[in-house]
Amino acid sequence: AQSVAQPEDQVNVAEGNPLTVKCTYSVSGNPYLFWYVQYPNRGLQFLLKYITGDNLVKGSYGFEAEFNKSQTSFHLKKPSALVSDSALYFCAVSAYNQGGKLIFGQGTELSVKP
Amino acid sequence: EPEVTQTPSHQVTQMGQEVILRCVPISNHLYFYWYRQILGQKVEFLVSFYNNEISEKSEIFDDQFSVERPDGSNFTLKIRSTKLEDSAMYFCASIKGAGNQPQHFGDGTRLSIL
């Protein structure tokens, strides 16, 4: 069965510092991995995805993520955090033969303080 | 940019009543999904729909739930005999093709069962 774990409920960083939001996954076969962001009272907005190819994936708003197959991880990163990055972040996995359904992690609340 | 739209944004219903949540997916998309997010919990897959039939459903999606695409644009989720535990945010999503494409989410319907 597919699963995603986000070990941190909350991550606090100071503006201008680098941020990392952790994600590990379990899936049979090759994973499709996604990061989504959710602002209050809004739906999920796509940030980036890993399908195949380079392990470092670049996405929207300066975010990037590193796929590590041996550690089954897909951590989200940003070199310099902004206060406006404060939101709820979800990692998700989809197996290629599963009709595209997404299995989400429990979410990590990112708080960036000035 | 085209968006997935959901109505209503907030639905308050008495326990035991039926409720219909409506979604208009992006017009050229072919795969449609419903997800649920209970307050403070992760986003959970309910059902996927393709070619006018359910392609996959989760354990949550029991006989109380049904989906329909009554015309070329709307995609609805019906919940019969609502229970208190059905209170949640319900998100609709769509993609053009399956598998490795990012799903586009609506802003959700907040369902409150009294």
Side-chain angles (χ1 to χ4, degrees), chain A residues 1-10 21 23 25 27 29-53 57-60 63 65 67 74 87-109, chain B residues 1-10 21 23-26 29-51 53-61 67 89-110:
Chain A
Q2 304 164 71
S3 66
V4 177
Q6 293 179 240
E8 302 153 317
D9 290 336
Q10 186 157 14
V21 183
C23 171
Y25 67 90
V27 64
N30 293 323
Y32 297 156
L33 293 158
F34 303 84
W35 275 101
Y36 284 84
V37 60
Q38 185 181 31
Y39 296 98
N41 301 313
R42 298 299 303 275
L44 299 162
Q45 295 180 34
F46 168 72
L47 278 180
L48 50 78
K49 67 177 180 180
Y50 172 83
I51 305 301
T52 186
V57 178
K58 294 190 183 297
S60 307
F63 284 94
F67 172 67
F74 189 56
L88 188 56
Y89 290 80
F90 288 97
C91 180
V93 67
S94 173
Y96 79 99
N97 60 348
Q98 293 289 319
K101 75 172 183 185
L102 292 173
I103 302 299
F104 286 89
Q106 61 268 42
T108 298
E109 185 81 41
Chain B
E1 186 176 324
E3 292 183 344
V4 175
T5 56
Q6 290 186 243
T7 55
S9 56
H10 192 187
L21 310 183
C23 169
V24 179
I26 295 174
H29 284 191
L30 300 176
Y31 294 78
F32 313 111
Y33 306 84
W34 282 102
Y35 294 85
R36 179 180 81 175
Q37 185 182 29
I38 295 173
L39 186 64
Q41 298 185 24
K42 66 180 179 182
V43 178
E44 302 172 287
F45 167 76
L46 290 178
V47 66
S48 57
F49 191 88
Y50 170 71
N51 200 25
E53 59 183 25
I54 291 173
S55 45
E56 187 175 0
K57 58 185 181 180
S58 71
E59 304 174 336
I60 304 167
F61 195 89
V67 288
M89 281 289 287
Y90 288 82
F91 292 107
C92 174
S94 69
I95 53 173
K96 194 171 184 179
N100 62 3
Q101 298 183 24
Q103 294 181 16
H104 296 254
F105 284 79
D107 283 343
T109 293
R110 179 171 299 284

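Keep in mind the model is a prediction, meaning the values are calculated, not measured. Letters A, B, ... mirror the listed sequences (proteins, then strands); counts begin at 1.
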Spacing of Gln38(A) atom CD and Met89(B) atom CE [to the nearest 0.5 Å]: 7.0 Å
Could you tell me whether a side-chain N or O of Asp107(B) sits under 3.5 Å from a main-chain N or O of Gly43(A), the two making a donor and an acceptor? yes
Between Pro102(B) and Lys49(A) the two heavy atoms that sit nearest each other are CD-NZ, 3.9 Å
Counting heavy-atom pairs under 4.5 Å with chain A, the top scorer among Tyr50(B), Phe105(B), Phe91(B) is Phe105(B)
NZ of Lys42(B) to CG of Leu88(A), rounded to nearest 0.5 Å, is 13.0 Å
On a heavy-atom basis, the closest approach of Leu102(A) and Tyr35(B) is N-OH, 3.0 Å
Nearest 0.5 angstrom please: Ser55(B) OG to Lys101(A) NZ, how far? 10.0 Å
Please report whether the ring centroid of Phe45(B) lies less than 6.0 Å from that of Phe104(A). no
Neighbour count above 12 (heavy atom, 6.0 Å) for Glu59(B) CD: no
Heavy-atom distances under 4.5 Å only: say whether Gln37(B) touches chain A with side chain, backbone, both or neither. side chain
Identify the heavy atoms of Tyr36(A) and Gln103(B) that sit nearest to each other, and give their distance. OH-N, 2.9 Å
